[in-house]
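Here's the structure we're looking at; comments come further down.
As a basis for the values below, the full set of heavy atoms in this structure was taken, side chains included, without hydrogen atoms, waters or symmetry mates. Numbers restart at 1 for each chain; the letters A, B, ... are given by sequence-line order, proteins then strands.
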There are 2 protein chains.
Amino acid sequence: MPTVAPQRSRKAQIDRTATALFRARGFAATSMRELATELGLEAGSLYSHIKSKEEILHRVCFGLAEEFFAGFAAATAQNSAPVATQLRQAIEAHVRVLTRDSAASAVFLHEWRHLSEPARTEFLALRDRYEVAFRTLIQRGLAQGELHAPDAAFAALTLLASLNWLPAWYRPDGNLTPDEIAHRLAEQLLGGLLFNE
Amino acid sequence: MPTVAPQRSRKAQIDRTATALFRARGFAATSMRELATELGLEAGSLYSHIKSKEEILHRVCFGLAEEFFAGFAAATAQNSAPVATQLRQAIEAHVRVLTRDSAASAVFLHEWRHLSEPARTEFLALRDRYEVAFRTLIQRGLAQGELHAPDAAFAALTLLASLNWLPAWYRPDGNLTPDEIAHRLAEQLLGGLLFNE
DNA sequence: TATACTTCCTAACGCTCGTTAGCCAAAAAA
DNA sequence: TTTTTTGGCTAACGAGCGTTAGGAAGTATA
């Protein structure tokens, strides 16, 4: 009988702790014994809650993918709004996901390659779909004369690149709130795309 | 007696092959036996040429750091030139290093954390110095009114982030030459910073 | 020709890995 | 109260890890 009700299920605790370790050391360099120790358990005990090490990685990667898609969908729901507005909202949604759980984001961005097939291919397909969504939005902006850029694919790549660098330097206790960061990034990145700044 | 003289020393061959594997699988997930097989050797034979697995990683990471600094130094040698020109040249130099050996670049960007101390700390200090160099250049541009940005640190971070995403998608056999890529990236990234485009 | 060096081999070292089997005590459900 | 479920434990499995020792064969040097 725990003195206080656990705020999270054991499985969720394992996911959280594993995510932090995967981020810090990388998936391959994180051992189940390390993970167990961090949780005050023995290694074997983990398997009462999970099926395998990779299952954790799978959950983290695909869970975050879902969040990114949900954010993008919400940001572009109002199809009649100016493309620039939709793009700004999509950027802010992306940043919100990144900052809400930067450890999981870092794992999502860097550790997916340790997924075995077919999960790895599925994951890459999702990532590609997401990138295409941004590219398409930018292309619409170009076609309607709202944005200017030499190349939509190029613009989408550099835009996502700038955003995805965030987990590398973001600190939750920094002096910028996630919303401020999102706003600044949107301003800066759209600055190069908009006609009238 | 090899039928043709080896274009590279065995050690250099090992470094090259290891770099490709480190990039594809990650440092921790690459075994010395895999590396040896790739070279047509047995695992033990590698140690006639190298001291340890980490030594390879060390050489790759610090070798590339040197190249980045040399490129930046050359790009900003003419101190009297406009800051925008220096910045453009620094961007192009950075891209040139990235494209000249994108495998080594990917390792430089992602696998450095598997360096053990004190190399890891030394590496991070170098990386920080490089980032500061860009930030300082941008700051000079702001001070002289040549550039505009809400925050020099922010601008430097997003700039390097956009550039460093390159090894993730660059293909040497793509339809853009490294110089074209460098030029486009410089245009696009300076577009958001310059007053008159 | 004798010597040293280079570059590979085989075999093995101690160690850590992810995972499983079997067991046990406490808690929950019946 | 009996039964089932939950969530731990210990011990061990087979496999793979980085690395080393010792030796063999070819090449270069003296």
Side-chain angles (χ1 to χ4, degrees), chain A residues 1-22 24-61 107 111-117 119-120, chain B residues 1-22 24-61 107 111-117 119-120:
Chain A
M1 174 191 59
T3 51
V4 295
Q7 24 335 33
R8 291 188 211 89
S9 74
R10 211 46 160 154
K11 191 167 175 177
Q13 282 181 44
I14 291 173
D15 281 3
R16 262 204 94 63
T17 308
T19 301
L21 286 174
F22 291 169
R25 314 200 201 304
F27 176 80
T30 300
S31 78
M32 297 305 274
R33 284 165 179 85
E34 246 181 314
L35 171 56
T37 301
E38 197 85 5
L39 288 157
L41 298 181
E42 293 302 315
S45 309
L46 293 168
Y47 289 84
S48 299
H49 306 277
I50 60 163
K51 259 180 48 190
S52 70
K53 186 186 179 187
E54 185 175 337
E55 189 209 29
I56 305 176
L57 180 63
H58 188 284
R59 213 164 22 241
V60 174
C61 287
V107 171
E111 305 301 327
W112 54 266
R113 48 157 133 210
H114 295 108
L115 292 168
S116 53
E117 296 297 352
R120 188 187 149 115
Chain B
M1 175 190 60
T3 50
V4 294
Q7 28 329 35
R8 291 188 211 88
S9 75
R10 208 47 159 153
K11 191 168 175 176
Q13 283 181 45
I14 292 173
D15 281 2
R16 262 202 95 65
T17 308
T19 300
L21 286 174
F22 290 170
R25 314 200 201 301
F27 176 80
T30 301
S31 78
M32 297 305 275
R33 284 166 178 85
E34 246 181 314
L35 172 56
T37 301
E38 198 85 3
L39 289 157
L41 297 180
E42 293 303 315
S45 309
L46 294 168
Y47 290 84
S48 298
H49 306 278
I50 60 161
K51 259 180 49 190
S52 70
K53 185 186 180 186
E54 184 174 339
E55 188 210 28
I56 306 175
L57 180 63
H58 189 284
R59 214 168 19 244
V60 174
C61 287
V107 170
E111 305 300 327
W112 54 265
R113 47 155 131 215
H114 295 107
L115 292 168
S116 54
E117 296 295 353
R120 188 187 148 115

Practice prompt. State the CD1-CG distance between Ile56(B) and Leu46(B), to the nearest 0.5 angstrom.
Written response: 7.0 Å
Discussion item. Can you measure Gln13(A) atom CD to dG7(D) atom P for me and round it to whole angstrom units?
Written reply: 11 Å
Fill in: Atom-pair distance (NE2 on His114(A); C1' on dC17(C)), nearest Å
15 Å
Discussion item. On the nucleotide dT16(C), are OP1 or OP2 found under 4.0 Å from the side-chain N or O atoms that Ser31(A) carries?
Written reply: no
Item to complete: Report the distance from atom CG of Leu21(B) to atom CE of Met32(B), rounding to the nearest 0.5 Å.
Response: 10.5 Å
Response to the item:
Whole-Å distance, Leu35(B) CG to dG16(D) P, equals 18 Å
Fill in: Spacing between Glu42(A) atom CD and dT20(C) atom P, to the nearest angstrom
17 Å
Practice prompt. In whole angstrom, give the distance that lies between atom CZ of Phe22(B) and atom P of dG18(D).
Written response: 9 Å
Worksheet, complete the sentence: Separation of dA24(D) atom P from Leu41(B) atom CG, nearest Å, is 20 Å
Response to the item:
Rounded to whole Å, the CE-C1' distance (Met32(B) to dA11(C)) equals 18 Å
Discussion item. What is the distance, to the nearest angstrom, from the CG atom on Leu21(B) to the C1' atom on dC17(D)?
Written reply: 16 Å
Worksheet item: Is Leu46(B) touching bases, backbone alone, or none of the nucleic acid, heavy atoms closer than 4.0 Å?
Response: nothing
Worksheet item: Side-chain contact, heavy-atom cut-off 4.5 Å: Asp15(A) with His49(A)?
Response: no
Worksheet, complete the sentence: Residues Arg33(A) and Ala43(A): closest non-hydrogen pair is CG-CB, 3.6 Å
Item to complete: Examine dG8(D): is either OP1 or OP2 under 4.0 Å from a nitrogen or oxygen in the side chain of Arg10(A)? Give yes or no.
Response: yes
Item to complete: Look only at the side chain of Thr17(A) and the backbone of Gln13(A), and say whether a donor-acceptor pair between them is shorter than 3.5 Å.
Response: yes
Discussion item. Distance criterion of 3.5 Å, no angle test: do you see the side chain of Arg33(A) paired donor-to-acceptor with the base of dG18(C)?
Written reply: yes
Discussion item. At a heavy-atom distance below 4.0 Å, what parts of residues 47-59 of chain B sit against DNA chain C?
Written reply: Ser48(B), His49(B)
Fill in: Closest non-hydrogen atom pair, His114(A) against Ala29(B)
NE2-CB, 4.1 Å
Worksheet item: Got more than 12 heavy atoms from elsewhere within 6.0 Å of CZ, Arg16(B)?
Response: no
